[in-house]
Amino acid sequence: MSRTLKQAGIWSLETLCEALLLTVFLTILWRDEGQSRFADDLGLVFVATLFVFMFGSGYLLTTGIFRVSWRSNNLRAYPVIAALLFVLHVQFFADGWTSATKVPVQMGGACIVAACTFIGNRLLRRWTRNPAATTPA
């Protein structure tokens, strides 16, 4: 399997994990006790996170381009770039939010994105490692 296909597969897993973790984070952050069941809130926030924010803001497009085209061996570079992209997309997409609402989402989301992409980098490195180079002679 080509490296580009492996990168796209890892990016898909990263994106799914980001969406799920952001959903839980946002639900806990914004949940109004007594309004509705937690499971109902999770479903609504997941749809909003994945479709409205990730698709609507262009976040998926920019991170997808970076994931497939990024060639650095530095494990920390892409997570930092992805976290910055998340912060920038929230900054411009959530235009009407106050800083009291926006900053916790940006900071928590950036940590989630950095963690997911760092783990994705490790998985990609393990997946694409040349087995002949790692076996002793």
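Throughout, numbering of the chain's residues begins at 1 and tracks the sequence.
Listed by first then second residue, pairs satisfying side-chain hydrogen bond (donor to acceptor under 3.5 Å, both in side chains) with a partner in residues 99-116 read Gln91-Gln106, Thr98-Thr101, not counting sequence neighbours.
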Expected list for residues 82-89: side-chain donor-acceptor pairs under 3.5 angstrom, two or more places apart:
| from | atom 1 | to | atom 2 | distance (Å) |
| --- | --- | --- | --- | --- |
| His89 | ND1 | Leu85 | O | 2.7 |

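The only member of Val24, Leu20, Leu21 that meets side-chain contact (heavy atoms from CB on, under 4.5 Å) when paired with Ile112 is Leu21.
Residues Tyr78 and Phe66 place their aromatic rings such that the two centres sit no closer than 6.0 Å.
Side-chain N or O atoms of Ser2 include one that pairs as donor or acceptor with a backbone N or O of Leu5 at under 3.5 Å.
In this structure, CG in Leu124 is found 8.5 Å from NZ in Lys6, a value given to the nearest 0.5 Å. Rounded to the nearest 0.5 angstrom, Leu123 CG and Ile10 CD1 are separated by 5.0 Å. For the atom pair OH (Tyr59) and OG1 (Thr62), the distance works out to 7.5 Å, reported to the nearest 0.5 Å.
A chain of hydrophobic side-chain contacts below 4.5 Å, direct or via other Ile, Leu, Val, Met, Phe, Trp or Tyr residues, connects Phe55 to Leu26. Residues Leu60 and Val105 are members of one and the same hydrophobic cluster, defined by side-chain heavy-atom contacts under 4.5 angstrom among Ile, Leu, Val, Met, Phe, Trp and Tyr. Linking Ile, Leu, Val, Met, Phe, Trp and Tyr residues whenever their side-chain heavy atoms come within less than 4.5 Å leaves Ile81 and Ile65 in two separate clusters.
Inter-residue side-chain proximity for Glu14 and Ile119 is flagged as unmet; no heavy-atom pair is nearer than 4.5 Å. Looking at Phe53 and Val90, their side chains come closer than 4.5 Å, going by heavy atoms from C-beta outward. Using a 4.5 Å cut-off on side-chain heavy atoms (C-beta onward), Trp11 and Thr117 make no contact.
Members clustered with Val103: Met107, by chain and number, using a 4.5 Å side-chain heavy-atom cutoff among hydrophobic residues.
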key: Test side-chain contact (heavy atoms from CB on, under 4.5 Å) applied to Glu18 and Thr63, step by step   = CA-CA 12 Å; Glu18 289 171 16; Thr63 58; 5.8 Å; no

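The minimum heavy-atom distance linking Gly109 with Phe25 is given by the pair N-CE2, 4.2 Å.
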